[in-house]
Protein chains: 2
Amino acid sequence: MEQDIQFEPTVGREDLLIAGKDDAFREMVHNLLAFSARLEQIRSRFGAFVGLSGVQYTLLISIRQLQSERGVGVRALADHLAFSPPFVTSETTKLVKLGLVTKTPNPDDQRRVHMRVSDKGTALLSQLAPVQQEVNDLLFEPVNAANYALVRQLAASLRASAEKAVLLSDYLVGTERSDQ
Amino acid sequence: MEQDIQFEPTVGREDLLIAGKDDAFREMVHNLLAFSARLEQIRSRFGAFVGLSGVQYTLLISIRQLQSERGVGVRALADHLAFSPPFVTSETTKLVKLGLVTKTPNPDDQRRVHMRVSDKGTALLSQLAPVQQEVNDLLFEPVNAANYALVRQLAASLRASAEKAVLLSDYLVGTERSDQ
DNA sequence: GAACATAATTAAGTTAGTGAAGTATTTTGT
DNA sequence: ACAAAATACTTCACTAACTTAATTATGTTC
């Protein structure tokens, strides 16, 4: 009987196939997809709590995360979140107008800008902290002392491999698509 | 010295704090965020490869995933992906017009609709399979035979806990926000 | 069988997000 | 030294993504 194979497998590596089928893999991807949709919903709620859109909230915490001593640039932030630079400019400008973020020119390169979360922005985020605690405690309930290190390591390496996968998919779509 | 604490921790559970700080947790969240942004980029590429938008591609594979013998309804699909039902209606109607999806009325309840991926849709997806294989192999490179079961289990339980966390955040934003 | 609830759609609008072009600055090659 | 090319950000003009509100049709309840 050959009819077992319903679809072409969407993954090739033997490690990720079970009895030659990708059902388990697909279910995993589908769960990750749903998880990621929920993360976005939650970010919208967090934003709403402090009067921001979900994206603005995401930008704010990403600036906080990426800002070094000096600050983070528009391009770096856009790349991180997979937004276009103009979009980052326009949304962060709103955050500046709200007084939550500062933009200062990079003294070494006047083209660049350094964005940082202002004191007011930090205050706003700390006002949100109790809500985040409650929600995050529940959201990451499956993560515990026993698997925390592993999950963190996994998150970091998946992020890295995903960056490579984007480049590969860009290449594949760019080339193979052209001869259609 | 008390100055060690820069920000209010964004998570409460002891398991997820290291020396009372949430730095590692925040980095993990930030990595998951970046990962999820890359997933979306990749879905756009997959879509582009077969002439669909990223969302349309996502809808197509989600229909395939959720369709039982009968098919999946608009509401169920909307909930799964956190879209509004009208949006699902309009985008899936496009897929129907492209012949990739079928919509048939539920015989038991004439209000409902059963969506299924058509043969043409299945063919389109299997045409994409080789690209998916290459990209997915790289994307999930950190997942291997040793940790596959665990990662799958984690994906499933995180999805479930995220669903609860959305409800909680809805509640918290709804209530605590009102007295501002 | 009237009142209510639910599923999907249509219509109308907003917001999110992009590409193209522009400005200012820095880098490169000669 | 300085024109040419490259880079960082912005402004502008627009498209696509997505939502809320109202509509239609069917099903449920008492």
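So that the names make sense, note that chain A is the first sequence line, chain B the second, and so on, each numbered from 1.
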Please work out which residues in residues 99-111 of chain A have a non-hydrogen atom less than 4.0 Å from an atom of DNA chain D and list them by number.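 Heavy-atom contacts with DNA chain D come from Lys103(A), Arg111(A).
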Separation of [X] atom [atom1] from [N] atom [atom2], in whole Å?
X         : N       : atom1 : atom2 : value
Arg75(A)  : dT25(C) : CZ    : C1'   : 17 Å
Glu40(B)  : dT18(C) : CD    : P     : 10 Å
Lys97(A)  : dT10(D) : NZ    : C1'   : 12 Å
Phe87(A)  : dG19(C) : CZ    : P     : 13 Å
Arg112(B) : dT24(D) : CZ    : C1'   : 17 Å
His114(A) : dC9(D)  : NE2   : C1'   : 14 Å
Leu77(A)  : dG17(C) : CG    : P     : 13 Å
Lys94(B)  : dA16(D) : NZ    : P     : 9 Å

How would you label the contact of [X] with the nucleic acid (heavy atoms, under 4.0 Å): base, sugar-phosphate, or nothing?
X        : answer
Thr93(B) : nothing
Val55(A) : sugar-phosphate
Ser90(A) : nothing

5' precedence on DNA chain C between Val72(B) and Gln56(A) (nearest-nucleotide basis):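 On the 5' side of the pair lies Val72(B).
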Are any of the side-chain nitrogens in [X] or [Y] under 4.0 Å away from the carboxylate oxygens of its partner?
X         : Y         : value
Asp109(B) : Arg112(B) : yes
Arg13(B)  : Asp22(B)  : no
Arg38(A)  : Glu163(B) : yes

Closest to side chain of [X], choosing from [options]:
X        : options                   : value
Pro86(A) : dA17(D), dT18(C), dT20(D) : dT18(C)
Val74(B) : dA8(C), dA8(D), dT19(D)   : dA8(C)
Phe83(A) : dT19(D), dT10(C), dT18(C) : dT18(C)

Has Asp119(B) got more than 12 heavy atoms of other residues, nucleotides or ligands less than 6.0 Å from its CG?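 Check fails, neighbour count at 12 or below.
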On the six-membered ring of Phe49(B), is Arg45(B) placed so that its NZ or CZ lies under 6.0 angstrom from the centre and within 45° of the ring axis?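 The answer is no; the distance or angle limit is not met.
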Establish, from distance only, whether the side-chain atoms of Arg43(A) and Thr58(A) form a donor-acceptor pair under 3.5 Å.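 There is such a pair (donor and acceptor under 3.5 Å, judged by atom type) between the side chains of Arg43(A) and Thr58(A).
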Partners meeting side chain to side chain contact (heavy atoms under 4.5 Å, CB included) with Lys120(A) (sequence neighbours left out):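 Lys120(A) satisfies side chain to side chain contact (heavy atoms under 4.5 Å, CB included) with Leu100(A), Ser118(A) once adjacent residues are dropped.
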